[in-house]
Amino acid sequence: MNLKSFLSHLPLFQGLSDGELKTLSEIAVERPVKAGEMIFSDGERAAGLNIVAAGRVKIFKLSPNGKEQILHIMGPGEPFAEVPVFQGGNYPANAQAIEAGRVLFIPRDELLKAIRKNPALALGMLAVLSRRLREFASTIENLSLRGVPERLSAYLLYLSDLAGGVDEFDLDIKKGLIANLLGTTGESLSRILGKMTQAGIIRVDGKTITIIDRKSLADVAAARQALE
């Protein structure tokens, strides 16, 4: 893998010179990960910035009774654990690979040196932090103010948008992980998908979802329409 080329295509590092990208690529460590492998644990000393190079990583918290709540699913090119880069201290959540892939690690001290030399990198980091804050606000709203049908409908519309606004797309993670991400159970998720299918809003074929009635799906997401 050409690390310099990979880093140059990430929004986080836009504006850096070839020399600065070369410096980052030389200090970045590429690590293969297996499905289910822990990358770091909640409370562990934070040592640097992580970036998904291939595969996907889930960021999650565990309740005292062991219940898991997924906060984010990270895909290729997405950084995670960026807050401790500025703040220091410990990781605020767990990170685990959900499929085989690779993760880049950039040591905190070296990254801070690069940030001091180039303010453009700091602006990129702030943009990432701002986006993550909006995502957290949306997660809190979904879990506290919306019912499961609304959360699921919004998630399906989100996946459709990611795929370019198409009506047919594949679920990119297992339904159990989606249920966890939406703060519900697999049984509840399947039941609501069944109701949406019976209502003629979507069609489900394995992991493939087809949106039949986009307006109704949007109305359910906005709580303007209830599922019978």
Give the minimum heavy-atom separation between Val33 and Ala97, together with the two atoms involved.
-> CG2-CB, 3.8 Å
Only counting residues at least two apart or in another chain, list the ones meeting salt bridge (charged side-chain N to carboxylate O under 4.0 Å, His left out) with Glu187.
-> none
Do Phe60 and Leu71 have side-chain heavy atoms sitting under 4.5 Å apart?
-> no
Given the options Ile98, Ile39, Asn94, Lys58 meets side chain to side chain contact (heavy atoms under 4.5 Å, CB included) only with Ile98
Which atoms form the tightest heavy-atom contact between Pro76 and Ala54, and what is the distance?
-> CG-CA, 4.3 Å
How would you list, by chain and number, every residue that makes a salt bridge (charged side-chain N to carboxylate O under 4.0 Å, His left out) with Glu44, sequence neighbours excluded?
-> none
With sequence neighbours excluded, residues passing side-chain hydrogen bond (donor to acceptor under 3.5 Å, both in side chains) with Asn2 | none
Between atom OG of Ser8 and atom NZ of Lys22, what is the distance when rounded to the nearest 0.5 Å?
-> 14.5 Å
Roughly how far, to the nearest 0.5 Å, is CG of Leu7 from OG1 of Thr23?
-> 11.0 Å
Stepwise, does the side-chain contact (heavy atoms from CB on, under 4.5 Å) test hold for Met74 with Asn50?
-> CA-CA 11 Å; Met74 303 299 188; Asn50 294 271; over 6 Å; no
Can you sort out the partners of Tyr155 under side-chain contact (heavy atoms from CB on, under 4.5 Å), two or more places apart, ordered by chain and number?
-> Tyr158, Leu159, Asp172, Ile173, Ile178, Leu181, Leu182
Nearest heavy-atom neighbours spanning Gln69 and Gly183 | OE1-CA, 3.7 Å
Return the set of residues passing salt bridge (charged side-chain N to carboxylate O under 4.0 Å, His left out) with Arg224 (not counting sequence neighbours), or none when no residue passes.
-> Asp219
Using the test side-chain contact (heavy atoms from CB on, under 4.5 Å), find all partners of Glu30 that sit at least two apart in sequence or belong to another chain.
-> Met1, Leu3, Arg102, Leu104
Those residues at least two apart in sequence (or on a different chain) that pass side-chain contact (heavy atoms from CB on, under 4.5 Å) with Lys175 are Leu171, Leu189, Leu193, Val204
With sequence neighbours left out, what residues match Arg214 under side-chain contact (heavy atoms from CB on, under 4.5 Å)?
-> Leu157, Ser160, Asp167, Ile211
Hydrophobic cluster membership, Leu152 vs Ile212, 4.5 Å side-chain cutoff | no
Closest approach of Val52 and Gly55, non-hydrogen atoms and distance?
-> CG1-O, 3.3 Å
With sequence neighbours left out, write down each residue that passes side-chain hydrogen bond (donor to acceptor under 3.5 Å, both in side chains) with Thr197, or none if nothing qualifies.
-> none
With Asp42 via side-chain hydrogen bond (donor to acceptor under 3.5 Å, both in side chains) - residues at least two apart = Lys61
For Glu110 and Pro107, indicate whether the former's side chain and the latter's backbone hold a donor-acceptor pair under 3.5 Å.
-> no
Counterpart residues, salt bridge (charged side-chain N to carboxylate O under 4.0 Å, His left out), relative to Asp18 (two or more places apart) = Lys4
Close side-chain approach of Phe6 to Ile51, heavy-atom, < 4.5 Å = yes
Taking the side chain as every heavy atom from C-beta outward, state whether Leu111 and Ile27 have any pair of such atoms under 4.5 Å apart.
-> no
Non-hydrogen atoms of Asp213 and Gly200 that approach each other most closely | CB-O, 3.8 Å
Spacing of NZ belonging to Lys195 relative to OG belonging to Ser190, to within rounding of 0.5 Å = 13.0 Å
Charged N to carboxylate O below 4.0 Å: is that the case for Arg56 and Glu78?
-> no
Is a side-chain N or O of Glu37 found less than 3.5 angstrom from the main chain of Lys34, in a donor-acceptor match?
-> yes
Is the shortest heavy-atom distance from the side chain of Ile202 to the side chain of Thr210 under 4.5 Å?
-> no
Got more than 12 heavy atoms from elsewhere within 6.0 Å of CZ, Arg203?
-> no
Can you tell if the side chain of Phe80 reaches within under 4.5 Å of the side chain of Phe40, non-hydrogen atoms only?
-> yes
Which heavy-atom pair separates Glu150 from Ala223 by the least distance, and what is that distance?
-> OE2-CB, 3.8 Å
Within a strict 4.5 Å, meaning less than it, do heavy atoms of the Phe169 and Thr208 side chains meet?
-> no
One should read off an interatomic distance between Ile70 CD1 and Leu177 CG, to the nearest 0.5 angstrom, of 4.5 Å
Listed by chain and number, what are the side-chain hydrogen bond (donor to acceptor under 3.5 Å, both in side chains) partners of Ser63, not counting sequence neighbours?
-> Asn65
